[in-house]
*Asks:* 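Handing you this structure, nothing more for now.
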Amino acid sequence: MAKDPVAQQMEVIRRGAVAIVPEAELEARLRAAIAESRPLRVKYGADPSAPDIHLGHTVPLGKLRQFQDLGHLVVFIIGDFTALVGDPSGRSKTRRRLSPQEVKENALTYQDQVFKILDRERTEVVYNSHWLSPMRFPEIVDLASRATVARMLERDDFAKRYREGKPISVLEFLYPLMQGYDSVMVRADVELGGTDQTFNLLLAREIQREYGQPPQAIVTLPLLEGTDGVQKMSKSLGNYIGVSEPPRDIFGKVMSVSDELMWRYYELLSRLSAPEIAAGREECRRGTNPIVWKKKLAYELAARFSDPGQAAAARDYFEEVHQKKEVPERMPEVEVGEEALSGGTIPIIDLLRLAGLVPSNAEARRKIAEGAVSYDGEKVNEHGALVRVKDNGVLKLGKRKFRRTRLSGGRKNN
RNA sequence: GGGGAGAUACCGAAGCGGUCAAACGGGGCAGACUGUAAAUCUGCUGGCUAUGCCUUCGGAGGUUCGAAUCCUCCUCUCCCCA
């Protein structure tokens, strides 16, 4: 007997998801959609507070893509209103408010990146400021009356902060409400999000019910750990790999994750099937150097966000610089003007600063004392050292920061 | 509205009149070891025209030879009571 199409779709949706709540409702929706031959409206929201999409975002985006491939419509909400207000959550630091201009720019670069994964044809992009901005106070009051403080405090991070005596602003209570209202406005059938969004996604169901809509089904996806392997990937923690980064950086960052984390990345990011990944794991257990598999993953990801040629170049670079410890062929250049030289030499500290490798003279001195600095293969140990600058010389700080020095032969004013 | 506690460097957190550019932990950077791994060990982690000088302990004043430390006011946060 041929497989039921609903069961088939459910199987695809379930793969890699943490939870589907409630499964039966999603099934019912799929069944109705097929019967009426209309696509489900699958909601996903993102705040354009930072312009970069990183690998962590690609986990839900990949799932959205699967929905699209099953014939459904993605409603991509750009939370420009949210970004404008400036989410105050997270520690004592008040997040800087973005200007409308910045939000607009971020939103645009955001879309470019998103469509590296999503199918533009099956995506509806909407801005939540369209309905949130014009709301009047009576409407907001009405919305606010739909949830209770006790309910809000069920959310784990609120409860935790409350317990620890950390501030929670009323505005933060409003956030889940706005998000829920978004679901009402776009008539979401399904909403996707990371597991950290579980509360908001569930609350949106209640809001929809309050406004007389059938509640959306929700699909939660695992949060990807950042390159440190501990905290979730996020830009502010600096442990992210951005999809718009140069392939060389993507490759390098993937290579720097621990062996254990590599398998996690395989599961959440790779297009390889589960059995293929399991086989790789087994291979390594039997003695294959994990670097082989790490390179494979690094290549796959670098290629996905650029192209195979560039990914291969990134791999060559990695092998040459880090494995063979050779000096890379291409590196940023620093131009040394005649006015900076005296008798063809320049104090090493000045050179480091000129190259932008250190933020202060004191830092330069420290790095020199640590034996981290070399020029043209020769270690510089004296912080008062003068180096004779060559055209095409190589200044190195630490293991991987290189600058090629260029003499700006006489042409001063350009 | 009343009472209490608190605000310290990137984060957490000591210090409570001089010896404080400020303990300790985390993070970050560098060195060793490696597979640019991870883990571990070690060092560094305000700036400068540098054996000295300058700025920094929520903000503004004040006391003092001297203040992160004491006083006044202000701003913000938390707790208890109403």
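Note on naming: letters A, B, ... go to the chains in the order of the sequence lines (proteins, then strands), and numbering restarts at 1 for each one.
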*Asks:* On RNA chain B, compare the nucleotides closest to A:Lys401 and A:Pro290; which residue's is nearer the 5' end?
*Replies:* A:Lys401
*Asks:* Quote, to the nearest angstrom, the P distance that separates B:G47 from B:U56.
*Replies:*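 Taking atom P in both B:G47 and B:U56, they lie 15 Å apart.
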*Asks:* For B:C78 and B:G28, measure between their C1' atoms and round to the nearest Å.
*Replies:* 31 Å
*Asks:* To the nearest Å, how far apart are A:Ile291 CD1 and B:U36 C1'?
*Replies:* 8 Å
*Asks:* Taking atom C1' in both B:G17 and B:C65, what distance in whole Å separates the two?
*Replies:* 12 Å
*Asks:* Between A:Arg65 and A:Asp69, is the closest basic N to carboxylate O distance under 4.0 Å?
*Replies:* yes
*Asks:* Tell me the partner of B:A5, counting only Watson-Crick (N1-N3 plus N6-O4 or O6-N4) or G-U wobble (N1-O2 and O6-N3) with both under 3.5 Å; none if nothing fits.
*Replies:* B:U77
*Asks:* Would you say the side chain of A:Asp228 and the base of B:G27 hold a donor-acceptor pair, judged only by whether the two atoms sit under 3.5 Å apart?
*Replies:* no
*Asks:* Are the charged groups of A:Glu282 and A:Arg285 less than 4.0 angstrom apart, N to O?
*Replies:* yes
*Asks:* If you only use heavy atoms from C-beta on, which nucleotide in B:G35, B:U49, B:A38 is closest to the side chain of A:Arg365?
*Replies:* B:U49
*Asks:* Less than 4.0 angstrom between a side-chain N/O of A:Asn361 and OP1 or OP2 of B:U49, yes or no?
*Replies:*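 Indeed, a polar side-chain atom of A:Asn361 lies that close.
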*Asks:* Rounded off to whole Å, could you give me the CD-to-P distance for the A:Gln231 and B:G12 pair?
*Replies:*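 Computing the A:Gln231:CD to B:G12:P distance gives 13 Å.
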*Asks:* Write down the partner of B:U40 under the Watson-Crick or G-U wobble criteria, each distance required to be under 3.5 Å.
*Replies:* B:A32
*Asks:* Answer yes or no: are there more than 12 heavy-atom neighbours, outside A:Glu378 itself, under 6.0 Å from its atom CD?
*Replies:* no
*Asks:* Could you give the CG-to-P distance, from A:Asp259 to B:A39, as a whole number of Å?
*Replies:*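 Checked: the CG to P distance equals 11 Å.
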*Asks:* Of the candidate nucleotides B:U36, B:C29, B:C48, which contains the atom at the shortest distance from the side chain of A:Ala362?
*Replies:* B:C48
*Asks:* Mind checking the C1' distance from B:G58 to B:U19? Whole angstroms is fine.
*Replies:* 27 Å
*Asks:* Tell me which nucleotide among B:A50, B:G35, B:G43 gets nearest to the side chain of A:Lys294.
*Replies:* B:G35
*Asks:* Provide the distance between the two C1' atoms, one in B:A13 and one in B:C57, to the nearest whole Å.
*Replies:* 13 Å
*Asks:* Reading nucleotides 74-82 of chain B 5' to 3', which nucleotides get B (base under 4.0 Å from a protein heavy atom), which S (sugar-phosphate only), which -?
*Replies:* ---SSS---
*Asks:* Taking A:Asp80 first and then A:Lys104, would you say they form a salt bridge - that is, a charged N and a carboxylate O separated by under 4.0 Å?
*Replies:*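 Looking at A:Lys104 together with A:Asp80, the answer is no, because their closest N to O distance does not fall below 4.0 Å.
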*Asks:* Please give the distance between the P atoms of B:A21 and B:C71 as a whole number of Å.
*Replies:*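 B:A21 and B:C71 have their P atoms separated by 23 Å.
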*Asks:* Nearest whole Å is fine: how far is B:U36 P from A:Phe251 CZ?
*Replies:*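 Taking CZ of A:Phe251 and P of B:U36, I get 11 Å after rounding.
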*Asks:* Using the side-chain hydrogen bond (donor to acceptor under 3.5 Å, both in side chains) rule, collect all pairs that involve residues 392-403 of chain A, keeping only residues at least two apart or in two chains.
*Replies:* A:Asn392-A:Arg404
*Asks:* Does the ring of A:Tyr265 carry A:Lys294 above it, NZ/CZ under 6.0 angstrom from centre and within 45° of its axis?
*Replies:*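 Checked: cation-pi criterion not met.
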*Asks:* OP1 or OP2 of B:U36 versus the side-chain N and O atoms of A:Ser256: is any pair under 4.0 Å?
*Replies:*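 Checking B:U36 against A:Ser256, no side-chain N or O comes under 4.0 Å of OP1 or OP2.
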*Asks:* Using salt bridge (Lys or Arg N to Asp or Glu O under 4.0 Å) as the criterion, list what pairs up with A:Asp189, not counting sequence neighbours.
*Replies:*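 If we apply the salt bridge (Lys or Arg N to Asp or Glu O under 4.0 Å) test to A:Asp189, skipping adjacent residues, the hits are A:Arg29, A:Arg38.
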*Asks:* On a plain distance test, is the side chain of A:Glu370 in donor-acceptor contact with the base of B:G43 below 3.5 Å?
*Replies:*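 Indeed, a donor on one side and an acceptor on the other fall under 3.5 Å apart.
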*Asks:* Nearest whole Å is fine: how far is B:A30 C1' from A:Leu352 CG?
*Replies:*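 So the two atoms are 13 Å apart, to the nearest Å.
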*Asks:* Nearest of B:A38, B:U36, B:G31 to any side-chain atom of A:Ala372?
*Replies:* B:G31
*Asks:* Judged by each residue's nearest nucleotide on RNA chain B, which is more toward the 5′ side, A:Arg353 or A:His322?
*Replies:*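 Result: A:His322.
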*Asks:* Under 4.0 Å from OP1 or OP2 of B:G47: is there any side-chain N or O of A:Arg366 that close?
*Replies:* yes
*Asks:* Between B:A32 and B:A22, how far is it from one P atom to the other, in whole Å?
*Replies:* 28 Å
*Asks:* Partner of B:A13 by Watson-Crick or G-U wobble geometry, both contacts under 3.5 Å, or none?
*Replies:*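 No nucleotide pairs with B:A13.
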*Asks:* Run the salt-bridge test on A:Glu172 and A:Arg155 with the 4.0 Å N-O cut-off and return the result as yes or no.
*Replies:* no
*Asks:* Of the nucleotides B:C33, B:G43, B:U36, which has the atom closest to the A:Lys399 side chain?
*Replies:*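 My answer, after comparing the listed nucleotides, is B:C33.
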*Asks:* Fit a plane to each ring of A:Tyr181 and A:Tyr211, take the angle between them on a 0 to 90° scale, and name the class: parallel (under 30°), tilted (30 to 60°) or perpendicular (over 60°).
*Replies:*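 Perpendicular.
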*Asks:* What interatomic distance, in whole Å, is found between C1' of B:G4 and the corresponding atom of B:C10?
*Replies:* 32 Å
*Asks:* Need the pair for B:A68. Rule: Watson-Crick or G-U wobble, both distances under 3.5 Å, any strand; none if unpaired.
*Replies:* none
